[in-house]
Number of protein chains: 2
Amino acid sequence: MANLKKIAQKANVSVATVSNVLNNRGRVGEETKKKILRIAEDFNYAPNRMAKSLKMNKSQTIGVIVEDLSVFNAPEIIDGINSFAEDHGYSILLMNLRMKKKTGVQYPDTEICKQEAAPMFKVLLASQVEGIIYIGIHSRDVKGILPDSSIPVVYTYCDTSNPKDLSVNYNDFSAAFYATDYLIEQGIKDIGLITGFKNSESTMERLKGFKKAFKESEIEWNPEWITNGDWEFNSGYHQGLVLLQKNNKPRAILAMNDLMAGGVIKAANELGINVPGDLSVIGFDNREISQYLTPKLTTMSLPLNEIGQQSIKLLIKKIRGEKILSNKIRLNCKLVKRESV
Amino acid sequence: MANLKKIAQKANVSVATVSNVLNNRGRVGEETKKKILRIAEDFNYAPNRMAKSLKMNKSQTIGVIVEDLSVFNAPEIIDGINSFAEDHGYSILLMNLRMKKKTGVQYPDTEICKQEAAPMFKVLLASQVEGIIYIGIHSRDVKGILPDSSIPVVYTYCDTSNPKDLSVNYNDFSAAFYATDYLIEQGIKDIGLITGFKNSESTMERLKGFKKAFKESEIEWNPEWITNGDWEFNSGYHQGLVLLQKNNKPRAILAMNDLMAGGVIKAANELGINVPGDLSVIGFDNREISQYLTPKLTTMSLPLNEIGQQSIKLLIKKIRGEKILSNKIRLNCKLVKRESV
DNA sequence: TTATAAAGGTTAAACGTTTTATCAAAGTGG
DNA sequence: CCACTTTGATAAAACGTTTAACCTTTATAA
């Protein structure tokens, strides 16, 4: 590999001059400039980032720790991070915790993530990353999951109860509010709800949003139509069966994710209930499956890519010491209207 | 951040000694060793990778260029790469081409990938990566997509007609062969086929496998039942409709991906044809959707994780100059039997 | 006793950059 | 003709490591 020294020798000039030309600073004559640039081109020179980083004490690298890379939402977030990073000259050092495969547990608690993340954190430190983004794929309180240090951290796609932590996520509350409100706007008041895990932050926030929509419209929600799922297809199916076999059954069901919404549609099909004729269904996530259901699912899409972009934007601000208006960024979801309402 | 110098000062010892202790080489007394280790621990010392790399001329980093990170198969491959890398002390520098978003084209040709990949390649060179994995998510000939250089490259999830290139992919031919053969084994001889793009390598190879299975069983395949799709759900639906409305219709349909298989099932549902009672359906990819169809789809699962692992395994071998038995690794797919056959 | 080896260190150069201080030569104004 | 500025360049230190070469001191062998 070519380096400054070789170019300097070839050009009969000092290393400093070559460095100056290649970073166009300092005062260098036009002649020499041309010559050096040509030689660098010939040698296909690429500056040694290690040396540069060492000297400048800046690695132009940010570390990304993701709890589970192969879960549907993580790649799109990373994509967002990546595109912004690229535009700003940063590279991404990727660490995958692989929680699901490692622990066998689908929703590991904070403590176990903490243990697994520690060594990765150390690697990132050693790599002199200028900042870290932690992507927790199951929204929950990750307060202090990474050890305190002078290096800035942004928590993404998860919550943190420590107000000093920087975090970026979507807004569960408003998403559920708007989904419910949309149904009410269509003149549907008999709305059932299938939640996710009862103790998940997402579930609780969305439940609040759901109820808020009713309050705003000054109508009552029926507690009998609120039922608990576990985020899986089958729970949607079973709860759907339960809800739709009641004497007074809802005219619409809001499921807290697309999988469960799919289950509801399956249940409706089996019971001979027409969607959207007799029953409207709304999902959450805008996951791939939603566009292949029959009817195609109307669903709340999460701003995954934007979450990624905002995360790194926030991180870079922090790195540069710029003023940060709010530690906690919550982005809005968007309803994608398809055929199930 | 702590460094060798600080530790050395604190311990009243030379930098060299600290280095020796921390990498346990050289001759150092037990006393000093303990002391240095304790201080390093106290300081939460992490060796500066930049400096180390610079000196050792080894970055312990490998670059991964992926054509589209947010496509269903890429994350799992990267997951595989990552897990192997971690176990062997390598880190992953991730570059995302984002072909779809950038070019608007879903299946960009080699030339355009080449253009987009060039700057990333340069960044990776500058980062002193020891090797590169190029993940092309649409299997095709990527010969020479990255510029020639002394740094080893493995092409993953794509083909290359240059026999000198290292590549890892799954085996389209045998996958299609076994899927077809499985159907034949079940006593079904009237098998329809919905292909992907006609000019794709995958399509051609799988078509060969399909025909081979018939030859081996010494039965005839019906050319009328072979029809072209475009990998999308709708094409499966439409071709399904066509096939299933013929006077002599097939008893089984093999679709070259799960999306199209989903379309076939939808078509069957509409025509009142029972799956698997009257029609068996097999898909390809074992994508998420396959487990949520009704009936659940029997499909060929791609060894994505293993592809990732084998890629980096091969790359590391190449980096270390070890003997490489075959430049071209083709892994077998596995039939996951569910309810549609 | 003396030569040799082993144990336990240290010194200093090197990796490829950046950057400050310095310098020579040429140009400019009075 | 002198003082001063400008232009174009260089030398050398520094970033945090590794490592070969060297240097003491003490133990061992002859």
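In what follows, chains carry the letters A, B, and so on, assigned in the order in which the sequence lines appear, proteins first and then strands, with residues in each chain numbered from 1. The analysis underlying the following values was restricted to heavy atoms, covering all of them including side chains, and did not include hydrogens, waters or symmetry mates.
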**Q** Please state how far atom CZ in B:R25 lies from atom C1' in C:dT10, giving the value in whole angstrom units.
**A** 15 Å
**Q** Is the shortest side-chain N/O distance from A:S19 to OP1 or OP2 of C:dT19 below 4.0 Å?
**A** no
**Q** Pairing donors with acceptors under 3.5 angstrom, does anything connect the side chains of B:N327 and B:D165?
**A** no
**Q** Using a heavy-atom cut-off of 4.0 Å across all strands, would you classify B:S53 as base, sugar-phosphate, or nothing?
**A** nothing
**Q** When the distance from NZ of B:K5 to C1' of C:dA12 is rounded to whole Å, what number comes out?
**A** 14 Å
**Q** Looking at C:dA6, I'd like to know if its phosphate oxygens (OP1 or OP2) sit under 4.0 Å from a side-chain N or O belonging to B:R27.
**A** no
**Q** Quick one: A:Y45 OH to C:dG16 P, roughly how many Å, whole number?
**A** 10 Å
**Q** Which sits closer to the 5' end of DNA chain C, A:N48 or B:V15, going by the nucleotide each is nearest to?
**A** B:V15
**Q** Could you state the CG-C1' distance from B:N24 to C:dG9, rounded to the nearest angstrom?
**A** 17 Å
**Q** If you assign each of B:A51 and B:T32 to its closest nucleotide in DNA chain C, which residue comes earlier from the 5' end?
**A** B:T32
**Q** Would you classify A:V13 as touching base, sugar-phosphate or nothing, given that sugar-phosphate means primed atoms plus P, OP1 and OP2, and contacts are heavy atoms under 4.0 Å?
**A** sugar-phosphate
**Q** Do any side-chain nitrogens or oxygens of A:K52 fall under 4.0 Å of OP1 or OP2 in C:dT18?
**A** yes
**Q** So, B:R49 versus B:S59: side-chain donor-acceptor pair below 3.5 Å or not?
**A** no
**Q** Could you walk me through whether B:R330 and B:D159 pass the salt bridge (charged side-chain N to carboxylate O under 4.0 Å, His left out) check?
**A** CA-CA 10 Å; B:R330 289 300 108 111; B:D159 243 303; 3.2 Å; yes
**Q** So, OP1 or OP2 of D:dT18: does either fall under 4.0 Å of a side-chain N or O from B:N23?
**A** yes
**Q** Would you say B:S14 reaches C:dG9's phosphate, i.e. side-chain N/O to OP1/OP2 under 4.0 Å?
**A** no
**Q** Taking only Lys NZ, Arg NE, NH1 and NH2, and the carboxylate oxygens of Asp or Glu, determine whether A:E116 and A:R98 approach each other closer than 4.0 Å.
**A** no
**Q** Do A:S53 and B:M50 have side chains that get closer than 4.5 Å, going by heavy atoms?
**A** yes
**Q** Is there a side-chain polar atom (N or O) of B:K55 under 4.0 Å from OP1 or OP2 of D:dG16?
**A** no
**Q** Scan B:N20 against the nucleic acid and name what it touches under 4.0 Å (heavy atoms): base, sugar-phosphate only, or nothing.
**A** base
**Q** Within the structure, does a side-chain N or O atom of B:N3 lie under 4.0 Å from either OP1 or OP2 of D:dG16?
**A** yes
**Q** Rounded to the nearest angstrom, tell me the gap between atom NZ in B:K33 and atom P in C:dG8.
**A** 9 Å
**Q** In this structure, how many angstroms lie between the P atom of D:dC15 and the CD atom of A:Q128, rounded?
**A** 14 Å
**Q** Please give, in whole Å, the distance from D:dT18 P to A:M50 CE?
**A** 14 Å
**Q** Between D:dT18 atom P and A:L54 atom CG, what is the distance in whole Å?
**A** 12 Å
